[in-house]
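Worksheet: the structure to be examined is printed underneath.
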Amino acid sequence: MEKEILLEVRHLKKYYQVKSGLFKKVNVKAVDDVSFYIRRGETLGLVGESGCGKTTLGRTILRLLEPTDGEILFEGKVINQADMKEYRKKMQIVFQDPYASLDPRKTVADIIGEALDIHQLYQDKAERKQKILRLMELVGLSDKFYNRYPHEFSGGQRQRIGIARALAVSPEFIVCDEPVSALDVSIQAQVINMLERLQKERGLTYLFIAHDLAVVKHISDRIGVLYLGHLVELADSEELYRNPLHPYTQMLLSAVPIADPDESEKRKRIKLEGEVPSPINPPSGCPFRTRCEQACDACKDRFPELQEISPGHWVACSQVQKQ
Amino acid sequence: MEKTHLLEVRDLKVSFASKKTEVPAIQGISYYLDEGEVLGIVGESGSGKSVSSHCILKLLPENGKIQGGQILFEGKDLLPMNAKQIADIRGNKISMIFQDPMTSLDPLFTVGHQIEESLKKHTNLNKKQREERIIKLLDLVGINQPEKRMKQYPHEFSGGMRQRAMIAMALSLGPKLLIADEPTTALDVTIQAQIIELLKRLKDELHMAIIFITHDLGVVSDICDKIIVMYAGEIIESGKKRQIFYDSRHPYTEGLLNSVPKIEQSRQEKLVPIEGNPPDMQLLGSECPFSHRCGYAMNICARQKPPKLTVEEGHEVSCWKYYRERMESGE
C-alpha cells in the first residue's frame, strides 16, 4: 500500500525582479510552474545544474522565500504565512555550507537549543540540557562538545550540528539543500548514512537537493530533474537511471564521472555541448531546445507539459511524448 | 643507465609556520612523471595534494617553507633556482590552471590581453603575430568567435568559458607540463565533462604531461594514467590507474573507493564510510598517519611508520597490514 502524501506543491512559481537597463525590470523565473508531491517517509531527490532553481524551490516550499504564485500543501492543507510558526515545527532545513549556516558566537548547545527555546519545548533547564545532549548523541557528537563553538569543528561535524538543530523540533519533513557538497568524500558517506539512519528511525521525509547525481540516486526513492526553473523529468530513481527519457537527463547522466576505469571507458558519451542559457533571457518554448539534438520547430513555440509516459514516469518533452 | 624523467620529485618536505610551531604539510614524498603522461593526485582537504604541486613552481604562501628534497625537471633541480630562473620556466615549460577561474583572471583586463602578457614576456612575436596566436589558442580550447571573445572581459564569460580561457593562457607557450589544480571542481557536471574531454584531446595533440589534482575519484578514473593517493602529507599508495581501482592495497584507498556513491549501484547497497576525521598534522608523531581511522590497525601501526613496499611494477604501498600479508605468504 502506498503511503499518504505528506507534502504537495502545485504550480509553484517564484520570480525575481532584476534590473535590465536603466528603467526596465524583467522577471527571472527561478521556479516556473513546478508541481510534485512527496509521500510520508519518502526521499525525493532534486537535481540540476547551478541556476536551475533547485535551492530556490526548496526555500520557497519552506516559505523562507515567498512564492509568486502556486500552492504548497502539507498533510492536505494549504500552508498560509500566518500559520508558519506551527509549520516550522514540522518542516526544517539543512543547509549546504556548514561554515556559514552556524552562528560563530553561539555554542553548540545554544545553536541546537535555540529552536527548543522558540517553541518552548521544555519545562526546565535540566530538561533542555538533556534534550540537547540526546540530539547530539543522535548525530554522533560527543557530549564534551556541549559548550564548544562552531570554529572548533571540522566541516563534517558542523554538518552534524546543523542536522541536530533541524531535528530539535522533531520535524516530519526536512529539506536537505546540498548537505554533503562541501564535505570530503570519506565524510560525505558518514553524513549520508546518518541521514538514512535518521529517516528510518524517525520516519522522516526528505527533499534532497544536490547537483551530484550519484549522491542523489543513492539516497532518493524518486528523482526530479530541474532545468531553468522547470521540472523536466520525474521518475523512480532506478527507472530514471536505467531509462532516462528527457534529452537533458540523458546528457546529465552521461556527464557523471564514474569512479571505475573500465566502466568509464565502456560508456558511450552523448555529445555534450553548450551551456545553460541565462535565466534572464531564456529561450522561448522548451528551455532545453538550444542544447538539444532532437529539437525541432515545435519546441520553439511552447513549453511541453509534464506528462506521465509510464506509471510514475513523468517527462516534459514534446519529442518523447509524440512517440 | 637511469632514464631522465620529465619531472621527478625526490623526498620533498614542506612545512608551514604557525604562531607557535612548524606544522609539517608534506612529509617526504617522491614521484615521477614522463612526457605525455597524466598523473592524478587524489586526497582529501588538508592532505597536501595542492601544496605538493605548488612547490614545483615555488608558489607557496609566505609561511610555507620547503624543508628538503629535490624537484628535477628535465634533470635540473628547480629548488635552488632563483626567482628569475623560475620565472623563465613558469608559464613557458610548466604552467598551471586553478580551481576557481573567476578569481584567477584579472577582471580589469580583456581575456586577450591576459593571454598576450605571457607571449610578450617569453617570445619575440610582434603584435600582429601575437594576436594570431591568441585567436588560434582560443580556437584550440573550443571558444567560438575567438576574434570577438578575445576583446571581452572575464565577467562576460561563463564559468566553463573562463576555465577554457585559463587553459588557453596556460597553453600559450606550449608547456611540457600542465599542473591542473582541481580545474573542474567549481563547474557543473556537463561543463566538467567538456573540460575533461578538452584536456584529454589537448594532451594527445600537444603531447604534454598533466598533473591533475582532485578529490573526485570519478574524474581521476577518466583522465589519468597513474594515480597517487595522499593522506596527511604522505603518499600512502601509488600506481597505475587500474592497480589503484581494482587492486588497491591500502585500507584508506579502499575506504575512499567504498565511500563514493556509485550511480550504477542499487539503493540497497550501503556506503561504507571511513570513520573519524583526518588527523591534526601538529600532533602526528612517528605512527602511521591513518592508524587512528584504520579498521585493521595493529600495535605496530601506532608506533612506527610503515615501509614502502612494491606490490608489482609501478604499484607501491605503505602499510603494515600489507607488510604482514607479504610476510605470512612467505615472500
Side-chain angles (χ1 to χ4, degrees), chain A residues 43 47-52 140 153-157 180 182-194 196 211-221 237-238 241-242 248 251-265 267 269-276 278 291, chain B residues 42-47 142 158-161 184 186-197 214-225 227 231 240-242 244-246 252 255-267 269-278 280 293:
Chain A
T43 302
V47 281
E49 296 180 272
S50 28
C52 72
F153 293 91
S154 65
Q157 286 171 318
V180 297
L183 308 177
D184 274 320
V185 278
S186 74
I187 309 297
Q188 241 184 34
Q190 292 175 8
V191 173
I192 293 174
N193 282 355
M194 187 176 75
E196 286 182 325
H211 66 276
D212 186 333
L213 256 165
V215 170
V216 171
K217 159 115 190 313
H218 178 84
I219 199 166
S220 308
D221 299 296
S237 67
E238 204 55 39
Y241 170 67
R242 304 265 168 237
Y248 177 60
M251 184 191 260
L252 263 187
L253 278 170
S254 100
V256 177
I258 299 180
D260 184 328
D262 288 342
E263 288 293 323
S264 108
E265 267 169 32
R267 158 165 70 175
R269 268 238 162 99
I270 352 180
K271 230 175 171 188
L272 299 160
E273 264 177 20
E275 303 187 11
V276 184
S278 157
R291 296 169 83 184
Chain B
V42 204
E44 298 183 84
S45 5
S47 63
S158 68
M161 283 299 153
T184 62
L187 306 175
D188 277 320
V189 272
T190 58
I191 310 300
Q192 163 169 293
Q194 291 173 8
I195 297 289
I196 289 171
E197 286 305 313
T214 180
H215 67 277
D216 188 333
L217 287 162
V219 172
V220 171
S221 103
D222 197 0
I223 193 171
C224 299
D225 303 308
I227 295 170
Y231 190 80
K240 293 178 196 125
K241 174 163 75 184
R242 287 194 159 65
I244 298 291
F245 274 94
Y246 300 132
Y252 176 66
L256 267 189
L257 290 168
N258 288 335
S259 58
V260 246
K262 288 166 200 77
I263 194 146
E264 67 280 5
Q265 240 170 28
S266 87
R267 252 203 94 187
E269 278 176 74
K270 268 225 153 290
L271 298 179
V272 190
I274 304 173
E275 294 302 337
N277 292 297
D280 183 342
R293 300 173 77 186

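Quick note on labels: first sequence line is chain A, next is B, and so on, each numbered from 1. Any value given below was found using the heavy atoms of this structure, including those in side chains, with hydrogens, waters and symmetry copies removed.
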* Asked: With chain B, which of A/S237, A/G156, A/A259 has the greatest number of heavy-atom pairs at distances under 4.5 Å?
  ->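 The candidate making the most pairs under 4.5 Å is A/A259.
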* Do you know which of A/V185, A/V276, A/N193 has the most heavy-atom pairs under 4.5 Å to chain B? ->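 With the most close heavy-atom pairs to chain B, the winner is A/N193.
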Portion of [X] that has a non-hydrogen atom of chain B nearer than 4.5 angstrom:
{"X": "A/R291", "result": "side chain"}
{"X": "A/S154", "result": "side chain"}
{"X": "A/Q190", "result": "both"}
{"X": "A/S186", "result": "both"}
{"X": "A/D221", "result": "both"}

Shortest non-hydrogen separation from [X] to [Y] and the atoms involved:
{"X": "B/T190", "Y": "A/A255", "answer": "CA-CB, 3.8 Å"}
{"X": "A/P257", "Y": "B/D216", "answer": "CG-OD2, 4.1 Å"}
{"X": "B/K241", "Y": "A/P261", "answer": "CG-CG, 3.6 Å"}

* To do: Give the member of B/E264, B/K262, B/R293, B/K270 that has the highest number of heavy-atom pairs under 4.5 Å with chain A.
  =>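 Looking at each option in turn, the highest pair count goes to B/E264.
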* To do: Name the option with the most non-hydrogen atom pairs under 4.5 Å to chain A; the candidates are B/I196, B/V272, B/V189.
  => B/V189
* **B/S45 and its side-chain contact (heavy atoms from CB on, under 4.5 Å) partner, picked from A/L183, A/D184, A/I187** => A/D184
* side chain to side chain donor-acceptor pair (under 3.5 Å) assessment of A/D260 paired with B/S221 -> CA-CA 6 Å; A/D260 184 328; B/S221 103; over 6 Å; no
